[in-house]
Amino acid sequence: MPTSRFIQRFGDKITGVLSGCDRLVLRGSLLAIVSVQGMNRLLWLKDVLLKDFGRWAQQMTEQLKQASCRAARDQNRPIVYLRSANTDKDEFARQIAAKDGITEGLVAILTGVEPCMSFEIYRNRPTPKLEPVYRLRKGLVLYHYWIDPQFGWMNARIQSWLPFSIQICINGREWLARMMDHNQIRYRRYDNCFTWMEDVAKAQRLMNRQLRISWPKALQRIVRQLNPLHGRMFRGLGISYYWSIYPNEWATDVMFRKASDLAAIYPAMVLHGMRTFSSEDVLRFLGRKVHGNFKGEITSDFKDRPEGVRIKHRVKDNSIKAYDKGGNVLRVETTVNDPRDFKVLRPKHGEPHSKAQWRPLRRGVADIHRRAQVSPASNQRYLDALAATDTSTPLGELIRDICKPTTYRDKRVRALRPWADPDLALLRAINRGEFSVNGFRNRDLQSLLFDDAPDSAQAKQRRSARVSRLLRMLRAHRLIQKVPHTHRYVLTSRGREVISAVLAAHQITLEQLNKLAA
């Protein structure tokens, strides 16, 4: 169970936990023609002169619009031009579906003028020559809304001007609802979350199956719906869409038996998250490295919204948030807008046979499985932190055992002194964000616990031996455990709970204590 500590703390009030993709936005780009060089090559292959580009491009646009809207005309579905970009297109389409009783298939096509990247011919005065320029313009886009037999309610947008960029929006919970309907699993639903399920374990297995989808095949089916003439337009040129993710949201939903059970603990969690979680904690939740060269912005805030109170933490463009939804659901959600802040073990891009190394996560769908690892792990760390801080166990009882000597492999090990250096510095070091995902090594701690580099081989050896003794002490007190077949260590559940409580206690002021005692 990914939220074991949270379950241990509140298990008698919880009916189940569901973790999986929530909102997924995929963008398709024709990489072969999104650059000026690529467009010049296409025009050369099509035998189109630059002076004729405008007329030729307009013909391509008209062909796409006619082909894209043909299915709506054949099925007598509405094609609506929206004059205002502020219109809520999703709500507008849902009203059409409800009015016409649509339960499957195309609902409507909504069109409008929006900013988009496209080409125009520019006369270079110094030369003077005609040149294609790729820049921001305003062009007609077409939104297809339909109820898909596989994905459920969804939409996709295609730009009617070259280079015909596509954006597809899929909701993982909507997708899961279709899967549960097919498997005859009963459930109660509120918006895009489930407040009750007949078989949570089976529903989780179905959600895990979403990761095994053949994305190229599924996305190609959607391309054919948006532009049935794509193959004819680029026949023999090998021009196909490259798919990227912008962004993806991974949600972990904890379903409580009663709304009153969640209401009794959630306000305290929000308050503690705002008061206690430091910038280093937020970095740790998102698996980020803590170092002095970090130049991004870290913010925390909360908002009282109609659907519930939300607490949110941001690290540059990525975020993690928690909110109560549907009355009895606690949702923790990680949103990845910039995947480069995460790492994936892979060969160098374009060199599939090169040595696999930890490299920045890519936007492409090829790394979607790694997103499905780092995002739920982020949610788990956040829930574990909430469980650790919202506990009725007195702090003295929580840390009592680590303040006493113990034994490890029949040898005595000293007690920890969590209120003073150097043990406090040691606890802070192993709790750093960059160690949350891949763990830490002896040499990692050396660079954090000592200010200067060793001046000799003997000093380096003594320093390594000293850190080894500290690791042995932490293992004896069951705060860390060794990763099998590696030289790395990770925090145990007990370690996260104890360290979170100790570090939180160090941040409480006398004024806050007086208020709590009043």
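A donor atom on one side chain and an acceptor atom on the other are not found under 3.5 Å apart for Trp153 and Asp148. If you check the side chains of Arg221 and Gln150, you find a donor sitting under 3.5 Å from an acceptor. No donor-acceptor contact under 3.5 angstrom links the side chains of Ser68 and Asn227, judged on distance only. No side-chain donor from either of Arg443 and Gln446 sits under 3.5 Å from a side-chain acceptor of the other.
Tyr143 carries Lys89 over the face of its six-membered ring, with the cationic atom under 6.0 Å from the centre and within 45° of the normal. For the pair Arg371 and Trp250, the NZ or CZ position fails the cation-pi test of under 6.0 Å to the six-membered ring centre and within 45 degrees of the ring normal.
Salt-bridge annotation for Glu104 and Arg178: present, with a side-chain N of the basic residue lying under 4.0 Å from a carboxylate O of the acidic one. Under a 4.0 Å N-O distance rule, the pair Asp253/Arg173 qualifies as a salt bridge. In this structure, Glu114 does not pair ionically with Arg137, as no charged nitrogen and carboxylate oxygen lie closer than 4.0 Å.
A distance-only check finds no donor-acceptor pair linking the side chain of Thr87 to the backbone of Leu82 [under 3.5 Å]. Using a distance-only test at 3.5 Å, with no hydrogens or angles considered, no donor-acceptor pair links the side chain of Asn328 to the main chain of Arg257. Counting only distance, with no hydrogens or angles, the side chain of Glu198 and the backbone of Arg186 share a donor-acceptor pair below 3.5 Å. No donor-acceptor pair closer than 3.5 Å links the side chain of Asp324 to the backbone N or O of Gly327. In this structure a side-chain-to-backbone donor-acceptor pair under 3.5 Å is present from Gln159 to Met117. A distance-only check finds a donor-acceptor pair linking the side chain of Thr15 to the backbone of Met255 [under 3.5 Å]. Between the side chain of Arg331 and the main chain of Ala251, no donor-acceptor pair closer than 3.5 Å is present. Without hydrogens or angle criteria, Thr486 side chain to Arg488 main chain gives a donor-acceptor distance under 3.5 Å. Between the Glu351 side chain and the His353 main chain, no donor and acceptor come within less than 3.5 Å of each other. Here the side chain of Asp22 pairs no donor or acceptor atom with the backbone of Asn171 at under 3.5 angstrom.
Here the side chains of Asp341 and Lys316 are in contact, with some heavy-atom distance below 4.5 Å. His144 places none of its side-chain heavy atoms less than 4.5 Å from the side chain of Asn155. Between Arg94 and Tyr145, every side-chain heavy-atom pair lies at or beyond the 4.5 Å cut-off. Looking only at side-chain heavy atoms (C-beta outward), Trp358 and Phe342 stay at 4.5 Å or farther from each other. A heavy-atom distance below 4.5 Å is not found between the side chains of Phe435 and Val490. In this structure the side chain of Ile14 reaches within 4.5 angstrom of the side chain of Val254, judged on heavy atoms. In this structure, Phe440 and Ile480 have side chains that are in contact, with non-hydrogen atoms separated by less than 4.5 Å. Side chains of Thr111 and Val141 form no contact here, defined as non-hydrogen atoms less than 4.5 Å apart.
Here CG of Leu30 is found 10.5 Å from CE of Met233. Values are rounded to the nearest 0.5 Å. With rounding to the nearest 0.5 Å, the separation of OH in Tyr246 from CD1 in Ile168 is 14.0 Å. Remark: Ile245 CD1 to Asp367 CG distance equals 8.5 Å, nearest 0.5 Å. To the nearest 0.5 Å, atoms NZ (Lys325) and CG (Leu330) are separated by 12.5 Å. In this structure, the separation between CG on Leu448 and CZ on Arg428 is 13.0 Å, given to the nearest 0.5 Å. For the atom pair Arg363 CZ and Asn248 CG, the distance stands at 10.5 Å (nearest 0.5 Å).
Between Ser19 and Thr252, the closest heavy-atom pair is OG-OG1, 3.2 Å. Ser319 and Leu286 make their closest contact through O-CD2, 4.0 Å (heavy atoms, listed as atom of the first residue, atom of the second, distance). Taking each heavy atom of Ser354 and Pro347 in turn, the nearest pair found is OG-CB, 3.4 Å. Between Ala322 and Tyr266, the shortest heavy-atom contact is O-OH, 3.1 Å. For the pair Ile109 and Ala72, the tightest heavy-atom approach, listed with the atom from each and the gap, is CD1-CB, 3.7 Å. Counting all heavy atoms, side chain and backbone alike, Ser375 lies closest to Val336 at OG-CG2, 3.9 Å.
For Tyr187, the ring-ring contact (aromatic ring centres under 6.0 Å, His included) partners two or more places apart in sequence, or in a different chain, are Phe194. In this structure Asp338 satisfies the salt bridge (charged side-chain N to carboxylate O under 4.0 Å, His left out) test together with Arg340, sequence neighbours excluded. Applying the side-chain contact (heavy atoms from CB on, under 4.5 Å) test to Ser160 and every residue at least two apart in sequence or in another chain returns Thr61, Leu64, Lys65, Leu140, Leu142. In this structure Arg441 satisfies the salt bridge (charged side-chain N to carboxylate O under 4.0 Å, His left out) test together with Asp444, sequence neighbours excluded. Residues passing the ring-ring contact (aromatic ring centres under 6.0 Å, His included) test with Tyr241, sequence neighbours excluded: His230, Trp243. With sequence neighbours left out, the side-chain contact (heavy atoms from CB on, under 4.5 Å) criterion links Gln167 to Val25, Arg27, Arg157, Cys169.
Atom CZ of Arg41 is surrounded by 12 or fewer heavy atoms from other residues, nucleotides or ligands within 6.0 Å. Within a 6.0 Å radius of CZ in Arg209, other residues, nucleotides and ligands contribute 12 heavy atoms or fewer. The local environment of NZ in Lys482 is crowded, with over 12 non-hydrogen atoms from other residues, nucleotides or ligands closer than 6.0 Å.
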Exercise. Could you please spell out the steps behind the side chain to side chain contact (heavy atoms under 4.5 Å, CB included) verdict for Arg5 and Leu383?
Key: CA-CA 8 Å; Arg5 290 184 56 231; Leu383 279 167; over 6 Å; no

Quiz prompt | Ile239 and Leu42: CA distance, side-chain angles, deciding distance, side chain to side chain contact (heavy atoms under 4.5 Å, CB included) verdict | solution = CA-CA 10 Å; Ile239 296 178; Leu42 176 64; 4.1 Å; yes

Quiz item: Does the side chain to side chain contact (heavy atoms under 4.5 Å, CB included) test come out yes or no for Ile222 and Trp146, once each step is laid out?
Solution: CA-CA 11 Å; Ile222 297 174; Trp146 73 97; 4.0 Å; yes

Exercise. With side chain to side chain contact (heavy atoms under 4.5 Å, CB included) as the test, would you mind laying out the steps for Leu262 and Val329 before giving the verdict?
Key: CA-CA 8 Å; Leu262 176 58; Val329 175; 5.7 Å; no

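Ring geometry, Trp175 versus Phe151: the interplanar angle exceeds 60°, so the pair is classed perpendicular (tilted spans 30 to 60°).
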